Amino acid sequence: MDVHAQAQRCLMERDPETKLARVRELDARWPEKRPRVCDGVSAPEPIAVPGRPPRPRLVSPREVERRQVSTPEGRAALLHALAHIEFNAVNLALDAVYRFRGLPFEYYGDWVRVAAEEAHHFALLRERLRALGHDYGDFTAHDGLWEMAVKTAHDPLARMALVPRVLEARGLDASPTLIAKLRACGDARAVEIMAIIQRDEIGHVAVGSRWYRYLCGERGLDPVATFRRLLREYDGPRLRGPFDHVARRRAGFTEQELDLIEELAAGR
């Protein structure tokens, strides 16, 4: 199978354990077997519903349960929300491989690696959830990440700008606060897991930055002006600070881009 078909097979798998095993297999085989990459083929139609288990029940963001992290149930709800983000991130990385054709071979290698690392994050969080007497699916969740994937399904430039560099970059800003809350609860293992995720997510957003700039260069576009335009055209989520400038610089944001997101967050 070509790389797109392999990614689609992983993407549409509904069982989490099987999905993660297939992603690990795809990543492990990548350096040895250069799979075929389709060239000059239009992106397929958007996938409305990717492979995922029947639970958790998906609701609007306002309906997702919120509990005090200081309680065991609240800590489990937080870890569940993070696990749901990571599970969606696996599907998003796979869709970036499956959907967009005719890009450099290195693009597909980057996103296969991201999918494998997101799968590892999900597995770590699920293991911790189970240790707390819960499992993935025990709490409600929302579908905001995948909704943006559908919106940007026909343009890799929009996908790179608005998924890794907006939605996933939120995690760079939020991680220090989440780690502090978990440390205050005395959950050393959750703190260790979040440190791993924080480290890897900088790299994942950097992958998005790399290919966003590549596509801007291919099309002769200014990255800063284009980022502003895409946020408006795709009705992107409002940017909210405070932003972790150090982490975002490491993830490929330029000083001009940092100035822009501060400006947009201030409503200017």
Side-chain angles (χ1 to χ4, degrees), residues 3-4 7-8 10-11 30 37-47 50 85-86 88-118 144-173 200-239 243-244 247-261 264:
V3 67
H4 312 290
Q8 183 187 27
C10 298
L11 174 61
W30 185 267
V37 171
C38 294
D39 186 26
V41 180
S42 300
E45 286 302 306
I47 295 172
I85 290 170
E86 297 300 325
N88 271 280
V90 175
N91 282 337
L92 286 163
L94 292 169
D95 191 67
V97 176
Y98 161 67
R99 175 154 309 287
F100 301 118
R101 314 296 167 93
L103 290 165
F105 188 81
E106 292 76 14
Y107 166 91
Y108 302 103
D110 277 350
W111 286 110
V112 166
R113 175 178 54 80
V114 170
E117 290 178 354
E118 303 287 20
L145 278 171
W146 192 256
E147 288 170 1
M148 184 57 75
V150 173
K151 279 186 179 182
T152 59
H154 296 294
D155 187 358
L157 177 66
R159 173 69 63 85
M160 295 299 108
L162 301 178
V163 174
R165 305 192 84 227
V166 174
L167 297 181
E168 295 186 58
R170 284 175 168 176
L172 305 185
D173 307 318
D200 291 347
E201 292 299 338
I202 289 174
H204 300 173
V205 177
V207 168
S209 295
R210 174 188 179 187
W211 293 107
Y212 172 70
R213 274 190 238 298
Y214 169 85
L215 290 161
C216 283
E218 286 285 293
R219 302 182 191 186
L221 299 172
D222 174 76
V224 178
T226 301
F227 187 59
R228 183 194 289 271
R229 175 177 61 80
L230 290 171
L231 277 168
R232 182 177 64 252
E233 286 183 7
Y234 285 82
D235 192 24
R238 182 181 172 186
L239 297 171
F243 303 106
D244 188 331
R248 283 178 176 260
R249 286 189 191 97
R250 292 174 61 194
F253 281 77
T254 66
E255 294 305 316
Q256 281 183 297
E257 288 171 331
L258 291 172
D259 289 343
L260 173 63
I261 62 174
L264 293 174

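Computed from a predicted model, the values in this text were never measured in an experiment.
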Task: Met160 side, atom CE; Thr152 side, atom OG1 - distance, nearest 0.5 Å - done: 8.0 Å

Open item on the list: Could you tell me if the side chain of Leu162 sits less than 4.5 Å from the side chain of Tyr212, heavy atoms only?
Closed with: no

Open item on the list: I'd like to check the side-chain hydrogen bond (donor to acceptor under 3.5 Å, both in side chains) partners of Arg113; sequence neighbours left out, ordered by chain and number.
Closed with: none

Task: 4.5 Å side-chain heavy-atom contact, Tyr98 and Pro44 - done: yes

- [ ] Would you indicate whether the side-chain heavy atoms of Glu201 and Glu86 approach each other to under 4.5 Å?
- [x] yes

TODO: Give the intermediate values and the outcome of ring pair (Phe, Tyr, Trp, His ring centres under 6.0 Å) for residues Phe105 and Trp30.
DONE: CA-CA 11 Å; Phe105 188 81; Trp30 185 267; 5.0 Å; yes

TODO: Please lay out, stage by stage, how Leu103 and Leu215 fare under the test side chain to side chain contact (heavy atoms under 4.5 Å, CB included).
DONE: CA-CA 9 Å; Leu103 290 165; Leu215 290 161; 3.8 Å; yes

Task: Between CD1 on residue Ile47 and CG on residue Leu11, distance to nearest 0.5 Å - done: 4.5 Å

Task: Side chains of Asp110 and Trp211, donor plus acceptor under 3.5 Å - done: yes

Open item on the list: Would you say that Asp95 contacts Trp146 through its side chain, given a criterion of any heavy-atom pair below 4.5 Å between the two side chains?
Closed with: yes

- [ ] Report yes or no: is the cationic atom of Arg250 (NZ for Lys, CZ for Arg) under 6.0 Å from the centre of the six-membered ring of Phe253, at an angle within 45° of the ring normal?
- [x] no

TODO: Answer whether the closest heavy-atom distance between the side chains of Val90 and Val114 falls below 4.5 Å.
DONE: no

Open item on the list: Quick check: closest heavy atoms across Cys10 and Leu94, and the distance to 0.1 Å?
Closed with: CB-CD1, 3.7 Å

Task: Smallest separation among heavy atoms of Ala251 and Leu172, with atom names - done: CB-CD1, 3.8 Å

TODO: Verify the distance criterion only: is there a donor paired with an acceptor across the side chains of Glu168 and His204 at less than 3.5 Å?
DONE: no

Task: Residues in side-chain hydrogen bond (donor to acceptor under 3.5 Å, both in side chains) contact with Glu233, at least two apart in sequence or another chain - done: Arg229

- [ ] Look only at the side chain of Glu257 and the backbone of Thr254, and say whether a donor-acceptor pair between them is shorter than 3.5 Å.
- [x] yes

Open item on the list: Give me the atom names and distance for the closest heavy-atom approach of Pro104 to Tyr214.
Closed with: CG-OH, 3.4 Å

Task: Arg248 NZ/CZ over Phe243 ring centroid, <6.0 Å and within 45° of normal - done: no

Open item on the list: How long is the straight-line distance from CG of Leu167 back to CD of Glu147, given to the nearest 0.5 Å?
Closed with: 10.5 Å

Open item on the list: Is it the case that over 12 heavy atoms from other parts of the model lie below 6.0 angstrom from the CZ atom of Arg213?
Closed with: yes

Open item on the list: Does any part of the side chain of Asp222, heavy atoms only, come nearer than 4.5 Å to the side chain of Cys216, both counted from C-beta?
Closed with: no

Open item on the list: Tell me whether Tyr234 contacts the main-chain N or O of Ala158 through its side chain, where contact means a donor paired with an acceptor under 3.5 Å.
Closed with: no

Open item on the list: With heavy-atom distances below 4.5 Å as the criterion, would you say the side chains of Pro46 and Lys151 are in contact?
Closed with: no

TODO: Please work out whether the ring planes of His4 and Tyr108 are parallel, tilted or perpendicular, with thresholds of 30° and 60°.
DONE: perpendicular

- [ ] Please name the pair of heavy atoms, one in Val97 and one in Ala7, separated by the smallest distance, quoted to 0.1 Å.
- [x] CG1-CB, 3.6 Å

Open item on the list: Nearest 0.5 Å, please: how far is CD in Gln256 from CZ in Phe227?
Closed with: 13.0 Å

TODO: Determine the minimum heavy-atom distance between Ala161 and Arg165, stating which atoms define it.
DONE: O-CB, 3.1 Å

Task: Atom pair CG (Asp235) and CG (Leu230), whose distance is rounded to the nearest 0.5 Å - done: 12.5 Å

Open item on the list: Tell me the closest heavy-atom pair linking Thr226 and Leu157, and the distance in Å.
Closed with: CG2-CD2, 4.0 Å

- [ ] Drop me the distance from Leu231's CG to Arg228's CZ, to the nearest 0.5 angstrom.
- [x] 9.0 Å

TODO: May I ask you to decide if Pro50's main-chain N or O and Asn91's side chain share a donor-acceptor pair within less than 3.5 Å?
DONE: no

Open item on the list: Is any side-chain heavy atom of Arg99 closer than 4.5 Å to one of Arg159?
Closed with: yes

TODO: Indicate yes or no for a side-chain donor-acceptor contact from Tyr107 to the backbone of Phe100 under 3.5 Å, with no hydrogens or angles considered.
DONE: no

